[in-house]
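Order of the sequence lines sets the chain letters (A, B, ...), proteins ahead of strands, with each chain counted from 1. Atom set for the values below is all heavy atoms of this structure, side chains included, hydrogens, waters and symmetry mates excluded.
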Amino acid sequence: MAERSEEVKLLGMWASPFSRRVEIALTLKGVPYEFSEQDITNKSPLLLQSNPVHKMIPVLLHNGKPISESLVILEYIDDTWKNNPILPQDPYDRAIARFWARFVDEQVYVTAMKVVGKVGVERDAAVEATRDLLKLMEKELVGKDFLGGESLGFVDIVATLVAFWLMRTEEVVGVKVVPVEMFPEIHRWVKNLLDVDVIKKCIPPEDEHLDYIRARMESLKLKSV
Amino acid sequence: VATMANEVILLDFWPSMFGMRTRIALREKGIEFEYRDEDLWNKSPLLLETNPVHKKIPVLIHNGKPVCESTIQVQYIDEVWSDKNRILPSDPYQRAQARFWVDFIDKKMYDAQRKVWGTKGEEQETGKKEFIELLKTLESELGENTYFGGDDFGYVDIGLIGFYSWFHAYEKYGNLNIESECPKLIAWAKTCMQRESVAKSLPDSEKVIEFVTEIRKKFMLE
């Protein structure tokens, strides 16, 4: 335990998967932090000052020094608090974990956003594209309890985006994007995640979350008309 | 029969500013490697097998095991060959800053520079403005330092320098004068070019211009 007082503050947003993943990491390591809910439609001076380049949450402030971009933050947390490691030790395994994390954020997230934001034929195409990507994740889970192996790791934390954001949108859009018949491993993995206390504690409450997704979907649809 | 030494193969494409990062990292560490240039219009079975998800270069194959994505490769190289010429800073906060800036380059530079040489009219004008803005942001991050890493050549320098080999192509097709907009950045680039690892890893600007000319013809921009 550090002697000096460690001040850890997270500028985040309750419904953001990128913000929640940082909370998972901090909670997993038992790092006490102050959460500061940000209004992204009316950005605070602190947010703008801490992340002048992107002006986005999450931003982690450690003893006043800002770190931005959720994947960068996760690696920083792992580098700084050594207990309960998130990334594997072996350089090759780390490279694989980093690859899959980028895959989730750069590929899955982008197509999944189109499922929510588009309608009709465009939405159908987005569903297909998302499923094609998830088939790769499905393969990775065969014979494993978590994407990280026997226990929760970096990729699992990042992929909560799939488990608790993408899969929750199914209720709202009325499309089974990730049906259990097509993705039995992913469904099994989600159950495993829900058995982990840290996950249960850190994901947004379902009802409020669904309301929020519904509202966002409406506003996205209005924008694309 | 020789014992399994370090066998390193790099599947790459000579004008790729991403491939250049991995080449530089390997050379910084003095690692012997086999460079294989891919024909992106006729990808090798090895490329398709080692990067089935994206089918893209560069792919680093170390003792038969593939590592994909240039920034992941550079970090991998730094972690495996950790005894010399450290690429990422040892301090976690400095390391996070370095990762942030390389992520920034990855998110913004490719699309912006593509618009500079690969589009016309209004789209190109917008692209040019964006591109210069990005360079200015990076230049201000560099500040008075020799390298983005401070006194030492490092991760962010490696992340950005490959684009320098394309600067003459941007200037020609984008009708830009990058040095007048970002003189400090050009000075930084010239300093980097004095490193053997960089000079050996970047293609000649003229060759890049020829390549871009060909691509523009292909996409009927001429």
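By the ring-ring contact (aromatic ring centres under 6.0 Å, His included) test, B:Phe167 is found to be paired with B:Tyr164, B:Tyr170, residues two or more places apart in sequence or in another chain being considered. The salt bridge (charged side-chain N to carboxylate O under 4.0 Å, His left out) check on B:Glu196 picks up B:Lys200, with sequence neighbours excluded.
Within a 6.0 Å radius of NZ in A:Lys114, other residues, nucleotides and ligands contribute 12 heavy atoms or fewer. A 6.0 Å sphere centred on NZ of A:Lys144 holds more than 12 heavy atoms belonging to other residues, nucleotides or ligands. A 6.0 Å sphere centred on NZ of A:Lys139 holds no more than 12 heavy atoms belonging to other residues, nucleotides or ligands. Atom CG of A:Asp39 has more than 12 neighbouring heavy atoms from other residues, nucleotides or ligands inside a 6.0 Å radius. In the displayed structure, B:Glu122 atom CD is contacted under 6.0 Å by at most 12 heavy atoms of other residues, nucleotides or ligands. Counting non-hydrogen atoms of neighbouring residues, nucleotides and ligands closer than 6.0 angstrom, the NZ atom of A:Lys176 reaches no more than 12 such neighbours. In the displayed structure, A:Lys29 atom NZ is contacted under 6.0 Å by more than 12 heavy atoms of other residues, nucleotides or ligands.
Of all residues in residues 48-57 of chain A, those placing a non-hydrogen atom less than 4.5 angstrom from a non-hydrogen atom of chain B are A:Asn51, A:Val53, A:His54. Within residues 71-94 of chain A, the residues having any heavy atom closer than 4.5 Å to a heavy atom of chain B are A:Val72, A:Glu75, A:Tyr76, A:Asp79, A:Thr80, A:Pro91, A:Tyr92, A:Arg94, listed by residue number.
Taking OH from B:Tyr93 and CD1 from A:Ile67, the interatomic distance works out to 5.5 Å, rounded to the nearest 0.5 Å. Note: A:Glu106 CD to B:His54 NE2 = 7.5 Å, rounded to the nearest 0.5 Å. Remark: B:Arg99 CZ to A:Ser68 OG distance equals 14.5 Å, nearest 0.5 Å.
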Determine, stepwise, if the pair A:Lys65 / B:Gln97 fulfils side chain to side chain contact (heavy atoms under 4.5 Å, CB included). CA-CA 11 Å; A:Lys65 300 201 294 189; B:Gln97 295 311 300; over 6 Å; no
What verdict does the side-chain hydrogen bond (donor to acceptor under 3.5 Å, both in side chains) test give for B:Thr71 and A:Arg98, after you've listed the backbone C-alpha separation in whole Å, the side-chain angles of each residue and the deciding distance to 0.1 Å? CA-CA 10 Å; B:Thr71 57; A:Arg98 287 171 177 144; over 6 Å; no
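B:Asp91 does not touch chain A: none of its heavy atoms, backbone or side chain, sits under 4.5 Å away. Using a 4.5 Å cut-off between heavy atoms, B:Pro66 contacts chain A through both its backbone and its side chain.
A:Phe99 is listed as a side-chain neighbour of B:Glu69, based on a closest heavy-atom distance under 4.5 Å.
The most heavy-atom pairs under 4.5 Å with chain A, out of B:Thr137, B:Val80, B:Asp103, come from B:Asp103.
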